[in-house]
Structure formats: structure tokens, C-alpha cells
Amino acid sequence: MSESPPPSSSPSPVELREEMRGPVMWLTIDRQERRNAINAAVLEGLSDALARANRDTAVRAVVLTGAGTRAFCAGADLQSGTSFKFDYAAPYQGMANLFRQARQSTVPLIARVNGACMAGGMGLMAMCDLAVASRQAVFGLPEVKVGVFPAQVLSVLGGLLPRRVLAEMCITGEPIDAAQALELKLINRVSDDVDESVDWLLGRLLDKSPAAIRRGLYTMKKIEAMAFEESMAFTESQIGLFALTEDAAEGQLAFREKRKPQWSGR
């Protein structure tokens, strides 16, 4: 008697899609039925991808977005019922660690906000260095509507929004639209075609010195928490290091020779 074949199982869905488009890594949260809400798999995938992007000098930028047109990211997946339950013996939590990781990234991170950007999604957007949005995008911190309050996201949003605007969004839970977000300088650009805005940014980024951008982001992020004199001491030493790179020599030579530079990224 022959054995019955084992029951077939469908493969697990890929909840974070990764694609290289030339030198740009695209990360797409693909949970449309949950409005691209964050779960453990998405957090782990984002952390792993950012680590690899920062190890690979061929990666010039990372674009983060959500699948479809309804949502960039709706925040934590409330359907699980365990969104805000952690191992409280562990001093570092997954979302907070992702924000720490983004703060240390020397690869430019671009948020492509294609729809609703809510709660933890605001944190993902804010952890990026640049952000573009479609006109139908909305931005909000609705945590008070479910009995909690924005926490980790405040650490990445605090430097982007005026204090009273941030307080109003947190306390009322009411959203703002893309035009308001642009006026508040929460995002860099709004257009009907969000991909046109991504291409606009990438076109102005990818032809510049990779070495200058990486060390430049490192410098910008390091001085954010420094007092003035500490910042000046740090930056006056950094400019000497910029000048020692191959890209600095090539860029200045190309300027004198009136030609486009050929960057080595070193």
C-alpha cells in the first residue's frame, strides 16, 4: 500500500517585498488587507534590509513604501490583539530599535507615502531622511482613539513638527492632509504622481558623490544631539576627512576640468 502524500501547504505570503532597481533598494510593505500595518515579520524584514543596505556600498538609496494606493502604513496591526504587548524584561523593543538603526543609517532613506500614514506609519515616514507623498495621503497619530498614546514615534517626529502641532495631533488624534504636511515641512514634495516625486529626488541624488553623502549623513545625524561647541569641534574635524576621500579629489578635479565627475564612492 503506497503512502499518502503529505498535505500541501501554500507558501507564506511575503509581507515585506524587496527589489533592487539599479542602485536603489525598494522595500514595500505588502499587507493591503491590513492597510500595510506593521507586524513582527515586517519589523524584522525592515531591520535586516537596512543592515544589508548599509553594508553594501553599491546601494545608493532605500525607498520605503506600502503596497497599493490606500495606505503607506496604518501603524501597528490592531487585529492581532497583541500590538502593544512586549517582553518587558527586554530593555530594547523592535520598533524603537528600527528607529535607532535608521538614525545610524548612512544610506539615504526615502519614504514614498502613497496613502494613509498613521501611528507607527508616521514613525516609519519620520525615520526616513526624505519623504514624498501623493495628494491623497493623510497623516495622523490616532492612538488616543484606541486608548494609547504615541510613544516611540515622538522620538523621530519631535524634530520635524512644531511642538504645538505635534501636541494637537497626539491629543486629538485628528489627521492632516498632504498639503498641510507639506506646509509644515513634514514632507519634501507632494504631487499627483508620487513616483514622479521619487524619481525627482533620486535624479538629484544618484549623480552626486556617494562618499560625501554617506559621511555627510553620518555627520548630520551625529551633531543633532550635540551642544554648539561640541558640534563645532566635531564638524571642523569632519571636513578634513571629507577632503581626504577619492571622491573629493575627483570632484574638485572635474570642476577644474569642466567635466562630469566619475565617482568611486571612496
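- M25 and I29 fall within the same hydrophobic cluster, where Ile, Leu, Val, Met, Phe, Trp and Tyr residues are linked whenever their side-chain heavy atoms come under 4.5 Å apart, directly or through other members.
- Not a single salt bridge (charged side-chain N to carboxylate O under 4.0 Å, His left out) links E230 to another residue, sequence neighbours left out.
- In the displayed structure, E44 atom CD is contacted under 6.0 Å by at most 12 heavy atoms of other residues, nucleotides or ligands.
- Residues F149 and V144 are in side-chain contact: their nearest non-hydrogen atoms beyond the backbone lie under 4.5 Å apart.
- The number of heavy-atom neighbours closer than 6.0 Å to CD of Q180, taken from other residues, nucleotides and ligands shown, is above 12.
- Residues W200 and V132 are not in side-chain contact: their nearest non-hydrogen atoms beyond the backbone lie 4.5 Å or more apart.
- The shortest side-chain heavy-atom distance between L206 and V24 falls under the 4.5 Å cut-off.
- In this structure, CE on M118 lies 10.0 Å from CD on E143, to the nearest 0.5 angstrom.
- The shortest non-hydrogen separation linking D247 to P210 is OD2-CD, 3.3 Å.
- Taking every heavy atom of both residues into account, W263 and D207 meet most closely at NE1-O, 2.9 Å.
- What you find for R31 and A37 is that their closest heavy atoms are NH1-O, 3.0 Å.
- Within the model, atoms CG of L141 and OG1 of T172 stand 9.0 Å from one another, a figure rounded to the nearest 0.5 Å.
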Begin with the C-alpha distance, continue with both residues' side-chain angles, and end with the deciding distance and a verdict on side-chain contact (heavy atoms from CB on, under 4.5 Å) for M122 and L157.
CA-CA 8 Å; M122 286 281 279; L157 271 174; 4.0 Å; yes
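- In this structure, the side chains of V113 and V194 stay at 4.5 Å or more apart for every pair of heavy atoms.
- Under the 4.0 Å criterion applied to side-chain N and carboxylate O atoms, E174 and K145 are assigned as salt-bridge partners.
- Residue G68 comes nearest to Q32 through the heavy atom pair CA-OE1, 3.5 Å, listed as atom of the first residue, atom of the second, then distance.
- A 4.5 Å side-chain heavy-atom check between L166 and P150 finds every atom pair outside the cut-off.
- Annotation for R60 and S209: closest pair NH2-C, 4.2 Å, computed over non-hydrogen atoms.
- Between the CD1 atom in I171 and the CD atom in E168 there is a gap of 9.0 Å [rounded to 0.5 Å].
- Cluster membership check: V153 does not share its hydrophobic cluster with V138, using side-chain heavy-atom separations under 4.5 Å among Ile, Leu, Val, Met, Phe, Trp and Tyr.
- Side-chain contact check for E19 and T28: no donor-acceptor pair (N or O, by modelled atom type) lies under 3.5 Å.
- By the side-chain contact (heavy atoms from CB on, under 4.5 Å) test, C128 is found to be paired with L64, L109, A111, residues two or more places apart in sequence or in another chain being considered.
- Screening residues 115-127 for side-chain hydrogen bond (donor to acceptor under 3.5 Å, both in side chains) gives no qualifying pairs among residues at least two apart or on separate chains.
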Before giving the answer on side-chain contact (heavy atoms from CB on, under 4.5 Å), spell out for Q104 and K221 the whole-Å C-alpha distance, their side-chain angles and the decisive distance to 0.1 Å.
CA-CA 7 Å; Q104 293 178 338; K221 292 176 180 182; over 6 Å; no
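- The shortest heavy-atom contact between V62 and A53 is CG2-CB, 3.8 Å.
- Among residues two or more places apart in sequence or in another chain, the side-chain contact (heavy atoms from CB on, under 4.5 Å) test is passed with S191 by E196, S197.
- A distance of 6.5 Å separates CG of L161 from CE of M169, quoted to the nearest 0.5 Å.
- A search for side-chain contact (heavy atoms from CB on, under 4.5 Å) contacts involving A181 returns F139, I176, L186, I187, not counting sequence neighbours.
- Here R215 pairs with Q238 under the side chain to side chain donor-acceptor pair (under 3.5 Å) rule; sequence neighbours left out.
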Chi angles and distances behind the side-chain contact (heavy atoms from CB on, under 4.5 Å) call for N97, R100
CA-CA 5 Å; N97 273 342; R100 291 183 179 101; 2.8 Å; yes
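- No path of Ile, Leu, Val, Met, Phe, Trp and Tyr side chains, each step under 4.5 Å between heavy atoms, connects L205 with L27, placing them in separate hydrophobic clusters.
- Using a 4.5 Å cut-off between side-chain heavy atoms of Ile, Leu, Val, Met, Phe, Trp and Tyr, with links allowed through other members, V107 and M20 fall into the same hydrophobic cluster.
- Residue E15 holds its CD atom at 11.0 Å from CG of L43, rounded to the nearest 0.5 Å.
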Test side-chain contact (heavy atoms from CB on, under 4.5 Å) on Y218 and L241 and set out the steps.
CA-CA 12 Å; Y218 164 79; L241 296 178; over 6 Å; no
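- Atom-to-atom distance recorded for L98:CG and S105:OG is 10.5 Å, nearest 0.5 angstrom.
- A continuous path of ILVMFWY side-chain contacts below 4.5 Å connects L46 to M125, so both sit in one hydrophobic cluster.
- For N188 (side chain) and L130 (main-chain N/O), no donor-acceptor pair under 3.5 Å exists by modelled atom type.
- Applying the 6.0 Å contact sphere to CZ of R259 captures more than 12 heavy atoms from other residues, nucleotides or ligands.
- Contact annotation: the side chain of M95 approaches that of L124 to within less than 4.5 Å [non-hydrogen atoms, C-beta and beyond].
- The backbone N or O of P261 sits nowhere less than 3.5 Å from a side-chain atom of E250 that would complete a donor-acceptor pair.
- Each of D48, N54, D56 was checked for a side chain to side chain donor-acceptor pair (under 3.5 Å) with R52, and the lone residue meeting it is D48.
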